[in-house]
Amino acid sequence: MNKNWRIGIDLGGTKIEGLAIDAHGRENLRLRVSTPAGDYHGTLSAIRSLVEDMEARLGEGASVGVGIPGALSQATGLVKNANSTCLIGRPLDRDLADVLKRPIRLANDADCFALSEATDGSAKGAPVVFGVILGTGVGGGIVINGRLLSGPNTIAGEWGHNPLPWPTDGERPGPTCYCGRAGCIETFLSGPAFSRDDGRGLSARDILAAGDAQTEVSLARYEQRLARALAHVINIIDPHVIVLGGGMSNIARLYETVPRLWGQWVFSDTVHTSLRPPKHGDSSGVRGAAWLWPAPGGEPESGFAVTTEPSVAQDCDPIPETIWLTRDPPDPDTPPLPERPLPPLRGEGEAESPRPETDSLSQMEINLLLTQRELMVAKTEAALADAAKSRFLAAASHDLRQPFQAMNLYLQVLEMSNLEPRARTALSLLHNSMMAGEELLKALLDISAFEAGMVSSHVTVFPVTEILHELADEYRNLADERGLSFRTHAIGALVETDRVLAKRMCRNLVHNAFRYTQKGGILIGCRRRGNRLLIQVYDTGPGIPTDKLQMIFEDFYQLDNPSRDKTKGLGLGLSIVQRTAHLLGQNVWVASRLGRGSVFSITLPLAPQQEDPPPSG
């Protein structure tokens with residue numbers, strides 16, 4: 001056996017894949033054969049033939065590592081928890097060693113995936129890595145400082161058969177799992193689970209290809225569940241990097257949306273864990289099986305050692321030293337310290353002798369650490385309560401809007417009736433009050449949707465002139481009624497962003513300008529700035545003091561409206577603009593001069609490598 005070559009074997013339900021890499025991880029050879037379904041001895045023969053074929057092509061022997069859809073029991077040495085049931089209860093490692101006539105190393109396929117990505121994949125150099133499989137099944141593996149974690153039960157990282165954390169009423173008791181329990185993470189996050197939850201009888205691939213409103217709802221539900229499940233992992237092992245694998249890992253938006261959501265459940269004021277796609281994709285498992293063996297001259301052949309150069313990823317901090325608030329038990333080999341005589345008991349009226357300064361300082365440090373932890377707990381509980389409120393409002397949005405829609409219909413019926421003047425006046429006042437309440441509710445629900453992470457973007461390419469012309473049509477009559485000039489200056493540029501959210505930002509800025517502009521006019525203009533388009537809304541309003549330029553983006557903050565005049569809005573429009581801009585990864589800012597007016601600016605990304613169409617008239 002020549003350890004310059006490593007062969008990795010990925011034993012799947014339908015195929016057996018072999019991969020040969022050199023000491024530096026460079027791929028040399030890849031072969032596949034069909035798995036003899038339900039045939040244990042046929043599987044052994046297929047692996048032997050595959051390895052012999054690969055070694056014949058390499059011209060020399062190699063080490064062999066095997067990834068399987070299960071694990072070896074430490075109690076019996078037999079395979080357990082395997083999706084391929086013909087493997088269960090078999091001494092697969094010993095039988096493979098016999099047929100291959102050499103020692104082999106065997107690990108769970110999710111462990112192999114995690115090892116691959118931690119060794120030379122997207123989590124290379126990260127001290128603590130959690131590798132996740134989101135495919136037909138759901139599993140995971142843990143790698144610490146380049147070594148695969150394998151505990152006494154050989155189930156480290158087996159999160160797929162834990163219950164979904166923080167379940168809602170609609171998620172209890174949950175779907176039945178093949179393991180005999182209900183509500184396992186696998187029954188919510190696997191590819192088949194996503195398809196079943198969508199309810200249209202489509203495959204996960206077809207659901208994503210549809211890209212309609214139902215797809216958006218199903219994806220939002222999936223992302224929220226994935227965020228909860230991963231937050232539970234972060235609370236336990238605090239990984240630097242989480243890498244997703246399996247078919248569901250190909251959904252690009254997960255890597256942006258899920259980290260934005262999981263902070264609601266992670267027990268920390270900040271979350272620095274990075275969520276990344278796999279570098280090696282479907283090949284990661286078989287590469288990880290090959291990496292079960294060390295490089296030539298590496299560590300002794302024991303455990304699942306990986307000999308990579310000691311390095312730490314640039315965006316990951318090394319594992320810090322642990323600070324204990326209690327003393328470790330004494331080492332039995334360490335000689336005891338000389339005993340100190342106990343101080344005499346105080347007599348009545350005697351003052352307590354002062355403690356040594358070092359003891360007092362240590363106690364102060366401990367008390368400070370404990371106080372900081374209590375404050376962090378209180379802050380987290382407050383954040384969770386606020387998040388729960390936002391999620392409730394966002395989830396109940398439809399039910400809360402319905403009464404206002406019904407009242408609108410009743411008011412329309414009354415307005416068509418013959419009413420006496422006093423009743424007509426009361427009806428007008430009722431209409432104004434209802435409109436104010438509906439506007440407040442709509443703004444609150446919009447804010448709650450952002451805070452609950454339920455607003456997502458759907459990126460398309462479109463000409464910016466469409467938005468500006470639509471706004472011109474909407475506000476032209478209002479400008480005529482107010483005696484204001486209202487102009488748009490659009491350039492023929494294509495932008496690549498969410499059209500609905502982009503228009504909402506522009507409309508809120510225009511609406512805000514009309515509220516505060518009494519004379520003069522409003523202009524919407526566009527300018528190119530590198531790879532971004534700058535959209536600016538100018539007004540000739542009263543202007544904003546310099547010390548208030550940031551405060552106007554806060555919730556419910558308004559200038560010169562102490563009586564809360566509803567005709568001047570609620571103070572949420574600019575807050576929603578800022579939240580929307582952050583969601584789209586863009587910027588918003590304001591410049592102003594008192595008595596002269598203000599200009600609000602937002603950026604949108606220009607579509608790459610496309611010629612601008614000619615500006616429309």
Side-chain angles (χ1 to χ4, degrees), residues 252-253 255-257 260 450 455-475 479 485-517 520-541 543-554 573-594 596-617:
R253 58 182 269 180
Y255 303 97
E256 175 186 355
T257 307
R260 195 168 63 243
F450 275 104
V455 179
S456 57
S457 60
H458 178 63
V459 176
T460 59
V461 175
F462 60 92
V464 73
T465 52
E466 292 182 357
I467 290 180
L468 270 58
H469 289 167
E470 290 171 8
L471 291 175
D473 292 339
E474 290 179 28
Y475 285 92
S485 67
F486 179 52
R487 295 181 296 124
T488 62
H489 176 70
I491 61 176
L494 295 175
V495 292
E496 186 176 27
T497 187
D498 186 295
R499 189 185 188 284
V500 173
L501 296 179
K503 183 179 178 181
R504 179 189 295 181
M505 286 195 295
C506 294
R507 179 191 285 117
N508 281 4
L509 294 180
V510 172
H511 201 63
N512 188 71
F514 270 100
R515 279 196 174 119
Y516 289 94
T517 303
I522 296 162
L523 168 68
I524 311 177
C526 299
R527 299 178 183 178
R528 287 187 177 86
R529 288 293 183 267
N531 62 350
R532 296 180 184 275
L533 183 72
L534 182 66
I535 300 180
Q536 296 180 298
V537 179
Y538 295 82
D539 67 60
T540 57
I544 305 166
T546 303
D547 59 342
K548 301 293 192 298
L549 289 177
Q550 293 303 317
M551 298 174 67
I552 60 174
F553 290 97
E554 297 178 3
L574 294 179
S575 175
I576 292 175
V577 170
Q578 187 175 59
R579 283 175 164 87
T580 307
H582 289 172
L583 174 65
L584 297 177
Q586 303 303 308
N587 299 315
V588 56
W589 66 95
V590 60
S592 184
R593 292 180 62 183
L594 286 175
R596 298 290 298 275
S598 306
V599 53
F600 287 84
S601 305
I602 58 175
T603 58
L604 296 177
L606 287 167
Q609 299 177 352
Q610 296 196 42
E611 295 182 3
D612 297 332
S616 57

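Predicted model only: the values in this text are computed from it and were never measured. Sequential numbering from 1 along the given sequence is applied to the chain's residues.
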If you apply the rule side chain to side chain contact (heavy atoms under 4.5 Å, CB included), what do you find for E470 with R507, and how did you get there? CA-CA 10 Å; E470 290 171 8; R507 179 191 285 117; over 6 Å; no

By ring-ring contact (aromatic ring centres under 6.0 Å, His included), Y255 pairs with (sequence neighbours left out) none

Residues at least two apart in sequence or cross-chain that pass ring-ring contact (aromatic ring centres under 6.0 Å, His included) with Y538, listed by chain then number, are none

Residue set satisfying salt bridge (charged side-chain N to carboxylate O under 4.0 Å, His left out) with E466, at least two apart, ordered chain then number -> R499

For E256, the salt bridge (charged side-chain N to carboxylate O under 4.0 Å, His left out) test, sequence neighbours excluded, returns R260

Run the side-chain donor-acceptor check on residues 585-593: report pairs under 3.5 Å with partners two or more places apart or on a different chain.
| from | atom 1 | to | atom 2 | distance (Å) |
| --- | --- | --- | --- | --- |
| Q586 | OE1 | R532 | NH1 | 2.5 |
| Q586 | OE1 | T603 | OG1 | 3.1 |
| Q586 | NE2 | L584 | O | 3.3 |
| S592 | OG | I544 | N | 2.7 |
| S592 | OG | G597 | O | 3.1 |
| S592 | OG | S598 | OG | 2.8 |

(request) For the residue pair F486 and Y475, categorise the inter-ring angle as parallel (less than 30°), tilted (30 to 60°) or perpendicular (more than 60°). (result) perpendicular

* Go through the steps for N508 and I576 under the test side chain to side chain contact (heavy atoms under 4.5 Å, CB included), then give the verdict. => CA-CA 8 Å; N508 281 4; I576 292 175; 3.9 Å; yes

All heavy atoms of C506 vs all of I602, minimum pair found to be SG-CD1, 3.8 Å

D498 and V500 have their tightest heavy-atom pair at OD1-N, 3.0 Å

Rounded to the nearest 0.5 angstrom, the CD1-CG distance for I535 and L509 is 9.5 Å

Hits for side-chain hydrogen bond (donor to acceptor under 3.5 Å, both in side chains) against T540, two or more places apart or cross-chain, chain-then-number order -> none

